[in-house]
Amino acid sequence: MPELPEAETIARALREGAIGRTIARVRVIRPDVVANPARLFQRRLVGRRILDLQRRAKSIVFHLDDGSLLAVSLGMTGRLLMYRVGRPRRADMPPHAAVILETDPPGMIVYDDVRRFGRLELLDAAGWAARSAALGPEPLEDSFTLDVLGAILAPSRAPIRSLLLDQRKIAGVGNIYANEALFGARIHPARLAGTLQPAEVRRLHKTIRSVLARAIEARGTTIRDYRDPNGDSGGFAPRLVVYDRAGSRCRRCGTVIERTVFGGRSAFFCPSCQPAARVRVIRRRRNART
DNA sequence: CATACGTCCTGCCAGC
DNA sequence: TGCTGGCAGGACGTAT
């Protein structure tokens with residue numbers, strides 16, 4: 001569930017509370033969320049000090065004092081909860097705690113995940129570099145220019161919504177913000193990426209960045225499960241214009257928002273503001289090879 | 001190579 | 001009230 005803005009919100013909050021702490025004890029309650037063998041994961045983590053926290057795509061990355069990195073991918077329902085002083089009372093423990101890091105000074109960082117699609121992975125610097133290299137550019141960085149987006153879209157035959165979800169192409173965009181950015185750019189989600197006109201690419205470049213930035217300002221979107229490390233919901237849900245609004249009226253034109261499914265995921269759009277692809281001539285070039 | 005689809009897992013909610 | 005089917009913010013592996 002959590003996409004770039006939610007992961008960024010979590011990383012920022014943990015920067016406040018977790019940097020400088022030493023991991024004193026590691027409890028792996030649900031080994032299936034740990035990518036490493038659980039014993040190894042525990043042994044390597046205990047005694048490490050947290051030097052820094054970063055976000056990459058939808059992952060939160062702990063930088064540890066031996067040069068290793070702990071990458072946390074939240075899946076659909078993962079949460080990183082921070083208890084700055086001591087430990088929560090039993091009744092206040094999150095119900096689906098999967099991994100618990102007890103810290104010194106006394107405190108806790110709890111990874112909680114109902115569905116357990118998330119993963120915690122401890123990597124050395126080279127391992128993390130390889131993972132990061134497999135991901136596309138960060139859409140909020142200055143290096144993510146209009147030309148960079150154009151070069152990603154042009155050769156693709158995938159529906160634009162599917163392409164936006166492909167982390168190897170662009171990092172951090174998930175289903176909520178893909179749909180929101182496409183509405184802002186007035187592009188139907190099923191349009192084939194390579195068929196977008198220059199003006200449409202320009203609009204999309206702008207709306208991808210603006211919707212992500214505004215969502216970070218609002219501390220993320222909570223549809224149901226998302227919480228920040230303090231347990232608080234994000235504030236962006238009321239600003240969603242199409243996601244999860246099928247049957248409601250478009251805020252721009254009043255047309256009823258529709259929902260359709262492709263690539264196994266829901267797409268939401270305003271059929272009036274985001275018209276389907278024009279009937280287009282199918283151009284097929286004869287291939288030289290068989 | 002690129003794209004499409006099923007799968008992992010639990011809980012919630014609408015509809016009957 | 002209780003049950004059932006559908007659906008969920010992700011991403012990996014396999015098929016085509």
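None of the values given here were measured: they were computed from a predicted structure. Just so we're on the same page: letters track the sequence lines, and every chain starts at 1. Computed over heavy atoms, backbone and side chain alike; hydrogens, waters and symmetry mates excluded.
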- Task: Measure from the side chain of A:R259, starting at C-beta and using heavy atoms only, and say which of B:dC9, C:dA8, C:dA11 lies closest.
- Result: C:dA8

- Message: Could you tell me how far apart A:E3 (CD) and C:dG10 (P) are, to the nearest whole angstrom?
- Response: 5 Å

- Task: Would you check if there is a donor-acceptor pair between the side chains of A:T22 and A:D104 at a distance under 3.5 Å?
- Result: no

- What pairs with A:D66 under salt bridge (charged side-chain N to carboxylate O under 4.0 Å, His left out), at least two apart in sequence or on another chain? A:R48

- Message: Could you tell me how far apart A:L164 (CG) and C:dG9 (C1') are, to the nearest whole angstrom?
- Response: 15 Å

- Query: Which whole number of Å gives the distance between the P atom of B:dG6 and that of C:dG6?
  - Reply: 14 Å

- Do the charged groups of A:R12 and A:E8 touch, with an N to O distance under 4.0 Å? yes

- If only side-chain N and O atoms of A:K58 are considered, is one of them under 4.0 Å from the OP1 or OP2 phosphate oxygen of C:dG9? no

- Atom-pair distance (CG on A:D244; C1' on C:dC7), nearest Å: 10 Å

- Counting any heavy atom closer than 4.0 Å, what does A:Y177 reach on the DNA or RNA strands: base, sugar-phosphate only, or nothing? nothing

- Assess whether atom CZ of A:R131 is packed by more than 12 heavy atoms of other residues, nucleotides or ligands within 6.0 Å. no

- Would you please classify the geometry between the A:F236 ring and the A:Y177 ring as parallel, tilted or perpendicular, with 30° and 60° separating the classes? tilted

- Message: Please check: side-chain N/O of A:H188 versus main-chain N/O of A:F183, any donor-acceptor pairing under 3.5 Å?
- Response: no

- Item | Under 3.5 Å donor-acceptor, A:R15 side chain and A:L53 backbone | yes

- Task: May I ask you to say whether A:D228 pairs ionically with A:R219, meaning some side-chain N is under 4.0 Å from a carboxylate O?
- Result: yes

- Message: Can you identify which nucleotide, out of B:dG11, C:dG9, C:dA8, has its nearest atom closest to the A:S266 side chain?
- Response: C:dA8

Pairwise N/O distances under 3.5 Å, protein to nucleotides 13-16 of chain B:
none

- Over 12 foreign heavy atoms within 6.0 Å of CZ, A:R239: no

Just the table, please: protein N/O against nucleotides 13-16 of chain C N/O, every pair under 3.5 Å.
none

- Item | Secondary-structure string, 5' to 3', Watson-Crick or G-U under 3.5 Å, | for another-strand partners, for DNA chain B | .|||||||.|||||||

- Message: From CZ of A:R245 over to P of C:dA8, roughly how many Å is that when rounded to an integer?
- Response: 17 Å

- Whichever of A:F268 and A:Q167 has its nearest DNA chain C nucleotide further upstream toward 5': A:F268

- Item | Pairs touching residues 162-171 of chain A that satisfy side-chain hydrogen bond (donor to acceptor under 3.5 Å, both in side chains), sequence neighbours left out | A:D166-A:R168, A:D166-A:K169

- Evaluation steps, side-chain contact (heavy atoms from CB on, under 4.5 Å), between A:L80 and A:L14: CA-CA 9 Å; A:L80 274 170; A:L14 286 177; 3.9 Å; yes

- Query: Which atom names give the shortest non-hydrogen contact between A:G17 and A:M82, and what distance separates them?
  - Reply: O-CE, 3.7 Å

- Task: Calculate the interatomic distance between A:R79 atom CZ and C:dG10 atom P; express it in whole Å.
- Result: 16 Å

- Message: In whole Å, measure the gap between the P atoms of C:dA11 and B:dC1 for me.
- Response: 22 Å

- Task: Whole angstrom is fine here: how far is it from CG in A:D32 over to P in C:dA11?
- Result: 17 Å

- Report the distance from atom CG of A:L240 to atom P of C:dG9, rounded to the nearest whole Å. 12 Å

- Tell me: CG of A:N175 to P of C:dC7, nearest whole Å? 14 Å

- Query: Do we get A:R161 above A:F262's six-membered ring, with its NZ or CZ under 6.0 Å from the centre and within 45° of the axis?
  - Reply: yes

- Neighbour count >12 (heavy atoms, 6.0 Å) for atom CZ, A:R44: no

- Task: For the residue pair A:R119 and A:S73, confirm or rule out a side-chain donor-acceptor distance under 3.5 Å.
- Result: no

Grab the N/O contacts between the protein and nucleotides 1-8 of chain B below 3.5 Å, and write none if there aren't any.
residue, atom, partner, partner atom, Å
B:dT3, OP1, A:S156, OG, 3.2
B:dT3, OP1, A:R157, N, 2.9

